[in-house]
Q: 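This is the structure I have questions about; it appears just below.
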Amino acid sequence: MKKTDPIAEEIKSIKKTASETLSKCWPEAFFIAFFSMGVPIMVYLLIYILAILTNSGVSYSSLPIPNDFHNPVFTVGAIIIAVTAYLASSPLYIGIQWFYLQLAGGDIMPVSSIFVPYKSREFFLKALKLRLIVALRRFFVIVPCIFVIDLVYQYVVCNVSIPDTLSDVIFGLCILLTIFILIQRTVKYLPSGYLIVEYTDSKSSDIIKMCREFYKSYPVPLLRLIISFVGLMILCLFMFPLLLLVPYMMLSIAIYTKRHIIGETDSDNLPDSMEKPAAYDIR
């Protein structure tokens, strides 16, 4: 008799629930996905325009990409644009996660609810702080790993006489290792945005601690849930619309977080600063 895989069954159940729930609110989900993807597109366009205005080099392959960072005006301007957009949009992405967390509980909220974090200065700063902490934690692990992998590749592959096939294999393994590290660090803190809107009075440090402890105890299910979308991610390079995939993934993660992190958390075991408050009321 074939043994059932409980994790696979749970992932199947989560994705089925997400699909059925989204069928009731695709217009809202489409708009939010389009709006959220518009932020990086806007940043790209602003940097591209800046490159033209400062006479910086622009390469034209599949997309026009600025390639001359020797111009200090362009370099500083591009950094200012990117950092400003990141800081200003941080509460927006937290608001989007709140929307999906409510949707995971069966409540379809108005699209305007994603802007709620901007109404509270305290929560705005808290959302910004959490996103910066998560970004830095990823950065200080991923960048050194990429540097070491690149160093190993450069000195082992480029300076040692080995067959081209073996060289390609080593290069491929380096790429896969980099991708794995990126996924691992992303998945580890993935629930943080959903948790801070559930525990709105909590400290960022407690949210990070909760993510870390949960991932340490149960890393496989959430990782497998993310990996289950890889096929659709690849299809997005060809024909599968990203506007379908983004809501599907975000709601699936929200359902998982609600079921297995928030739903199974004993309030008696939470840090004092993570007592459940009444989430911000926008109804």
Side-chain angles (χ1 to χ4, degrees), residues 1-23 29 32-33 36-37 93-94 96-106 130-131 134-135 137-139 141-142 145-146 149 172-198 207-266:
M1 184 176 180
K2 186 178 180 180
K3 293 183 179 180
T4 58
D5 182 350
I7 296 177
E9 291 297 319
E10 177 63 11
I11 290 174
K12 184 178 179 181
S13 169
I14 287 172
K15 294 173 79 170
K16 180 181 178 181
T17 302
S19 178
E20 292 174 349
T21 304
L22 282 171
S23 66
I32 292 173
S36 63
M37 289 190 294
Y93 288 103
I94 297 296
I96 290 173
Q97 288 172 307
W98 185 83
F99 173 88
Y100 281 109
L101 192 63
Q102 302 310 304
L103 192 57
L130 178 67
R131 201 155 184 247
V134 171
R137 284 178 173 268
R138 289 171 180 163
F139 178 84
V141 170
I142 293 172
C145 287
I146 292 175
I149 291 171
L173 290 175
C174 288
I175 295 296
L176 289 175
L177 182 58
T178 304
I179 293 173
F180 174 79
I181 293 170
L182 179 61
I183 292 174
Q184 190 269 339
R185 297 306 293 182
T186 299
V187 170
K188 187 172 186 176
Y189 298 108
L190 201 56
S192 61
Y194 299 98
L195 293 176
I196 199 170
V197 295
E198 182 70 13
I207 295 293
I208 294 297
K209 181 180 179 183
M210 191 175 180
C211 287
R212 208 167 51 234
E213 290 179 351
F214 182 83
Y215 185 80
K216 185 178 179 181
S217 302
Y218 309 100
V220 175
L222 185 55
L223 189 59
R224 283 183 58 177
L225 175 62
I226 301 303
I227 292 174
S228 70
F229 289 100
V230 168
L232 292 178
M233 292 178 190
I234 295 173
L235 283 179
C236 283
L237 299 174
F238 301 98
M239 58 182 178
F240 192 82
L242 198 59
L243 285 174
L244 285 175
L245 177 59
V246 172
Y248 189 27
M249 279 189 65
M250 291 199 69
L251 181 55
S252 296
I253 295 167
I255 293 171
Y256 179 89
T257 303
K258 199 170 188 67
R259 285 185 186 180
H260 297 287
I261 302 179
I262 296 171
E264 296 182 2
T265 300
D266 184 353

Q: Could you check whether any side-chain heavy atom of Arg137 comes within less than 4.5 Å of a side-chain heavy atom of Ile208, counting everything from C-beta outward?
A: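 Touching, per the 4.5 Å side-chain cut-off.
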Q: Could you tell me the separation between the CD1 atom of Ile14 and the NZ atom of Lys258, rounded to the nearest 0.5 Å?
A: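 Nearest 0.5 Å value for the CD1-NZ distance: 13.5 Å.
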Q: Compare every heavy atom of Trp98 with every heavy atom of Val197, then report the nearest pair and how far apart it is.
A: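 That would be CB-CD1, 3.3 Å.
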Q: Within the 4.5 Å heavy-atom criterion, are Met210 and Ile261 side-chain neighbours or not?
A: yes
Q: What are the two closest heavy atoms between Gly193 and Gln97, and how far apart are they?
A: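 Scanning both residues completely, I find the closest heavy atoms to be CA-OE1, 3.1 Å.
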Q: Report yes if some heavy atom in the side chain of Glu10 is under 4.5 Å from a heavy atom in the side chain of His260; otherwise report no.
A: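 The answer is yes, as the side chains (C-beta and beyond) meet within the 4.5 Å cut-off.
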Q: Looking at every heavy atom in both Tyr93 and Arg131, which two are closest together, and how far apart are they?
A: CD1-NH2, 3.6 Å
Q: To the closest 0.5 Å, what do you measure between OG (Ser36) and CE (Met250)?
A: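 Result: 7.0 Å between the selected atoms.
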Q: Roughly how far apart are Phe214 CZ and Ile262 CD1, rounded to 0.5 Å?
A: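 Between atom CZ of Phe214 and atom CD1 of Ile262 there are 10.5 Å.
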Q: Indicate yes or no for a side-chain donor-acceptor contact from Thr257 to the backbone of Ile253 under 3.5 Å, with no hydrogens or angles considered.
A: yes
Q: Hey, what do you get for CG (Leu244) to CG (Leu235), rounding to the nearest 0.5 Å?
A: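 Here the interatomic distance stands at 11.5 Å.
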Q: Rounded to the nearest 0.5 Å, what's the gap from CG on Leu101 to CD1 on Ile255? Could you check?
A: 10.0 Å
Q: With a 4.5 Å heavy-atom cut-off, do Glu20 and Lys16 have their side chains touching?
A: yes
Q: Got a second to check how far Leu222's CG is from Tyr256's OH, nearest 0.5 Å?
A: 5.5 Å
Q: Taking the six-membered ring for Trp, are Tyr194 and Tyr100 closer than 6.0 Å centroid to centroid?
A: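 Not close enough - the centres of the two rings lie 6.0 Å or further apart.
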Q: Would you indicate whether the side-chain heavy atoms of Val230 and Ile227 approach each other to under 4.5 Å?
A: yes
Q: Give me the atom names and distance for the closest heavy-atom approach of Leu245 to Cys236.
A: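 Of all heavy-atom pairs spanning Leu245 and Cys236, the closest is CD2-SG, 3.6 Å.
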Q: Between Cys211 and Val134, is there a side-chain heavy-atom distance shorter than 4.5 Å?
A: no
Q: Check the pair Met37 / Leu243 against side chain to side chain contact (heavy atoms under 4.5 Å, CB included), numbers first and verdict last.
A: CA-CA 9 Å; Met37 289 190 294; Leu243 285 174; 3.0 Å; yes
Q: Where do Leu130 and Ser192 come nearest, in terms of heavy atoms and distance?
A: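 The pair with the smallest heavy-atom distance is CD2-O, 3.6 Å.
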Q: So Leu251 and Pro247, do their side chains get closer than 4.5 Å, heavy atoms only?
A: no
